[in-house]
Amino acid sequence: MSENKQGGQSSQYEPRAVEAKWSEVWETEHIYKFDQGSNKEIFSVDTPPPTVSGKMHIGHAFSFSQQDFIMRFQRMRGKNVFAPFGTDDNGLATERLVEKMNAVRSKSMDRQEFITLCLKTLESIRPQYIRDWKRIGMSCDFDIFYTTINEHCQRISQKAFLDLVKMGRAYRKFAPVIFCPHCQTSIAQVEMEDKEKSTTLNMIKAKMAGGTFILYATTRPELHPACVGISIDEEGDYCTVKRPDGEVWTISKDAFERMKEEFQLVLNDTFKGKDIIGKTVEIPLANPVRVSHDISAKTEYGTGVVYYCSYGGLDCVEWMARHKDAEPILIMDESGKYTHGPYKGMESEEARIKVLEDLEKSGNLLKKEHMKHVTNVHERCATPIEYVAMNQWFIRYLDLKDVFLERGNELQWYPPHMKNRFDNWVKGLQWDWCISRQRFYGVPFPVWYDKKTKEPIFADESLLPVDPLKDLPKGKSREDILPEQDVLDTWATSSLTPQIAIQLMPQSLQEKLFPMDLRPQAHDIISFWLFNTVVRSHLHHDSLPWEKVMISGWALDPHGKKMSKSRGNVVEPQVIIEKYSADALRFWAAGSKLGDDLPFQEKDVMTGQKFVKKLWNAAKFSFIHLESYKGERPEKLEVMDHWILSHLQRLIKACTETFEDYEYVRTRLDTDKFFWQMFCDNYLEIAKDRLYTEDEAGKDGKLSAQFTLHHVLLAILKLMAPITPFITEEIYQQYYAKKEGKASIHISSWPVSDPSLESKEAELAGGLFLDVLSAVRKWKSDQNLSMKKEVQKITISAPDEAKALLSLVLGDLMGVTNAKDIVFGAKAARETGNYQETKIKISVEQ
RNA sequence: GGGCCCAUAGUCUAGUGGCUAUGACGUCGCCUUUACACGGCGAAGGUCGUCGGUUCAAAUCCGGCUGGGCCCACCA
């Protein structure tokens, strides 16, 4: 290659080739291997297993990079880093992906066939998916690997479930769950989102004993056949009112005030809600119910009368829980269709139209009011969710809310305010944890039921993992039992990641690894993954799962909006890496404080790319001048060398302290600034004069500069190594690796500040030096002159103490300003930058 | 409705009591300078959201307001 210059080294940095090269070397040389035999202090990380979705997205790249900064820092600090890597590949997300990729529907397939298809599909995409994580430079030990569907995880998950059964913490109950009629499965609360829909609020009248009517309003009229009750506020004021045609209605007093004009109502009689409790109401299209009191009924809303169905919404579910005597009327099956009477086979939308027609015909529909309201929909298909009752397994934990709050207090949160989200969630908990899912693909419950007694039969622990659909309990035949069909909630398994990862290690190590040091994750799943893991660890081990949590923010689009496929503002990290390099993307990810969201701006990645190239060029320059350097320390340091070394010591201290507190952004900002301004723009320019010197007289000055160059560049590389691991490795390997006897910069030691290199005097002299240099540069700029332009004489007027300091650095000052002479005198005119305490002026003669 | 976070030049951002308020991108002028023109030097650009308080001193601490964002709840 003709563009190759000195040393046969290509003058251009080629990130693609270099990053691919080091990825491979790190893997084949096991650079990030957890050392099982070591006595070094362990730093164990409960790394998040990303959900296999085909491709890593930019939010992953953002938060995983931040985790990796910490892991790399701790490794360089001498810790034995335990960083497993897992993939989360069970649950609905995976089912959806497999259905989409293979154009199938799980529910219309044979169950075993679908499971086989899931496993096969995952096998084909998982390796590529994991490659994305290696590509951004995750320094996990990829040999400590799990997938949440593999045997190891299934065994641990099933064992933990059986333990909960023994403790009396797991129980089975017939109860409503959130159900998606489109996907025909129960879903988790986290899978719901709000969506505003236009609909009608319908006012209905129902006949009461004595020929009067009670009024209620509903947005879900199609659930009439499932009406289980009517409630009012027993302490509220209600009334009967008369219409012009003589019909008598019962509504709240508040409602009367609002409705009297529209319906020309005349007040008939007023009374308290309790006066009508127990009265029978003939609900249209349904069985009669009795009026009851309920805390959710308020006279100021609607008509002050509420009708409840099984199940119209969470309010109805809660109502049923409070009214134990009411029997649910189940009108929807697992296909999301109605099973009752004339509406059989219809879905909600269709039934709503039909029911309204029927109500109108029977004269029970008084009014349809168009309105917009927010409904819960399934995030994946935008279908409004339903509540359907089924047999479910739960983990009983509502009694432990205070304990969980205390666990939250024991945890160290980075950043601290993220604990509020945890507290907020725990305080708001109202339901035990439903851990069963009516799906095909997941970890099965290790449970069968006796056909006769319906009692559960639990699997023998020594035989785990089991699949009740295939396996049989000891001593039973297929005819005796019914297998549990449900699978475990994916969170029920992923809440065990510390145990899953640690149990991949020999028994002797397991105790040392638990509790772990750190859980890194993003803030969106504090109430799920983080909370659930705390729950499981408390229940199974009476301990926190880890000492600390670090919570990353989100990557947003350039305007600060959430990225989503539907908005079309998604940025693919693979494209960015291809265009700019993984280092550049990581440099961007280091640009916000931990926990803060960061808008993705391509220009910020470009800034990272420029840093990488600048580092490459600065190193190239340095190595040219270090060829003759043998590693010796000069007897006496030049003042300007001492100046930058002194600043470097402060930088090292600051970066170390802040990195310990997970504030990697300080290291990025401070080191970047130090590198660019202090090292490149100033120090290298200052040192050039001495570095290019070949004669004997300048030997000492050159050696001092070489020592400094060697030292400062190495420190910069190491400080930036956790953030930009590829370029720093590439440069390190070209020069430092052999000298330090390390296979990789990433297992070399983090810099330690050296007090002998600090000098207040040198820092002061250097500061004045830069003031003068800046003034000279400004003068040259004003004259439209090249910075290299030689000048005859620079006159400096300054107080004595400044003169004394500047006289220490006149040689370098002459070199960098290319001045033939520098004198102290009175006739200077131009002010330098530092006019606070030391009034310095200069003038320049061409 | 409850909780939390945020508000600094055109844009993103640093700065948790005291320097002339940081850096980058963008803008303008100049410099082919032998590591780098994806560079260098210089310039313009900010009443640090708003009102009040604490203090010798506030972008920084406290309170009110306004505007954004996130989570939870409600939504007959």
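Just the heavy atoms: all of them, side chains too, but no hydrogens, waters or symmetry mates, feed the values below. Here is how names work: the chains are called A, B, and so on, in the same order as the sequence lines, proteins then strands, and each is numbered from 1.
Nucleotide B:C71 holds its C1' atom 15 Å from the CZ atom of A:Phe531, rounded to whole Å. In this entry the distance linking CG of A:Leu594 with P of B:A14 reads 13 Å, nearest Å. Rounded to whole Å, the distance from CZ on A:Phe675 to P on B:G23 is 17 Å. Following rounding to the nearest Å, A:Glu14 (CD) and B:C36 (P) show an atom-to-atom distance of 16 Å. Rounded to whole Å, the distance from CD on A:Glu602 to C1' on B:G26 is 15 Å. For the pair A:Asp597 CG and B:C71 P, the interatomic distance rounds to 10 Å; values are reported in whole Å. Taking atom CZ of A:Phe674 as the reference point, atom C1' of B:U22 lies 17 Å away to the nearest angstrom. Rounded to an integer number of Å, the gap from NZ of A:Lys593 to P of B:C6 is 7 Å.
Of the residues in residues 554-563 of chain A, A:Lys561, A:Lys562 come within less than 4.0 Å of RNA chain B through at least one heavy atom, sorted by number.
In the set B:G3, B:A24, B:C36, the nucleotide with an atom closest to the side chain of A:Asn617 is B:C36. Nearest nucleotide to the side chain of A:Pro599, out of B:C12, B:C4, B:C70: B:C12. In the set B:C75, B:C12, B:C25, B:C25 carries the atom at the smallest distance from any side-chain atom of A:Thr607. The side chain of A:Lys788 sits closest to B:U34 out of B:U34, B:C70, B:U11. When each of B:U22, B:C75, B:C71 is scored by its nearest atom to the side-chain atoms of A:Asn424, the top-ranked nucleotide is B:C71. For A:Ser786, taking side-chain heavy atoms from C-beta onward, the closest of the listed nucleotides B:C31, B:A24, B:G15 is B:C31.
Using a 4.0 Å heavy-atom cutoff across all strands shown, A:Tyr301 reaches at least one base atom of the nucleic acid. Residue contacts for A:Gln783: at a heavy-atom cut-off of 4.0 Å it reaches no nucleic acid atom on any strand shown. At a threshold of 4.0 angstrom between heavy atoms, the contacts of A:Arg666 are confined to the sugar-phosphate backbone, with no base atom among them. Among the heavy atoms of the strands, none lies under 4.0 Å from A:Val665. Contact annotation for A:Ser296: base contact, defined as any heavy-atom pair under 4.0 Å involving a base atom. Base engagement by A:Leu684 is indicated by at least one non-hydrogen atom pair under 4.0 Å involving a base atom. If you check every strand for non-hydrogen atoms under 4.0 Å, A:Ala297 touches a base.
Rounding to the nearest 0.5 angstrom, the gap separating the CE atom in A:Met203 from the OG1 atom in A:Thr218 is 11.5 Å.
Going from the P atom of B:C41 to that of B:C36 covers 15 Å, rounded to whole Å. Nucleotides B:A44 and B:A58 place their P atoms 27 Å apart, quoted to the nearest Å. Comparing the C1' positions of B:G39 and B:A21 gives an interatomic distance of 27 Å, to the nearest angstrom. For the P atom pair drawn from B:U54 and B:A59, the interatomic distance equals 16 Å after rounding to whole Å. Between B:C72 and B:C62, the two P atoms lie 27 Å apart (nearest whole Å). One P atom belongs to B:U13, the other to B:G69, and the distance between them is 15 Å to the nearest Å. For B:C6 and B:G42, the C1' atoms lie 35 Å apart once the distance is rounded to whole Å. With both ends at atom P, the span from B:U60 to B:U47 equals 16 Å, rounded to whole Å.
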* Structure fact -> A correct 5'-to-3' footprint of nucleotides 38-44 of chain B, with B, S and - meaning base, sugar-phosphate only and no protein heavy atom under 4.0 Å, is BSSBSS-
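Under the 3.5 Å distance criterion, with hydrogens and angles disregarded, a donor-acceptor pair is assigned to the side chains of A:Asn202 and A:Thr200. Using modelled atom types, one finds no donor on one side chain facing an acceptor on the other under 3.5 Å when comparing A:Trp319 with A:Ser296. No donor-acceptor contact under 3.5 angstrom links the side chains of A:Asp233 and A:Thr299, judged on distance only. Between the side chains of A:Lys419 and A:Asn409, at least one donor-acceptor pair of N or O atoms lies under 3.5 Å. Defined by atom type and a distance below 3.5 Å, a donor-acceptor pair is present between the side-chain atoms of A:Tyr735 and A:His710.
Salt bridge status for A:Arg16 with A:Glu578: present, with a side-chain N to carboxylate O gap under 4.0 Å. One finds a salt bridge joining A:Glu685 and A:Lys688 here, because a Lys/Arg side-chain nitrogen approaches an Asp/Glu carboxylate oxygen to under 4.0 Å. Ion pairing between A:Glu657 and A:Arg666 fails under the 4.0 Å rule for side-chain N and carboxylate O. Salt bridge absent: A:Arg258 and A:Glu300 never bring a charged side-chain N and a carboxylate O closer than 4.0 Å.
Not one side-chain nitrogen or oxygen of A:Arg668 sits closer than 4.0 Å to the OP1 or OP2 atom of B:G23.
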* Intermediate values then yes/no, side-chain contact (heavy atoms from CB on, under 4.5 Å), A:Val791 and A:Asn818 -> CA-CA 6 Å; A:Val791 295; A:Asn818 201 14; over 6 Å; no
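In this entry B:G42 has B:C28 as its Watson-Crick or G-U wobble partner, both defining distances falling under 3.5 Å. Remark: B:A7 base-pairs with B:U66; criterion is Watson-Crick or G-U wobble with both hydrogen-bond distances under 3.5 Å.
In terms of position on RNA chain B, the residue among A:Leu785 and A:Lys673 whose nearest nucleotide sits closer to the 5' end is A:Lys673.
Using cut-offs of 30° and 60° on the angle between ring planes, the pair A:His523 and A:Trp554 is parallel.
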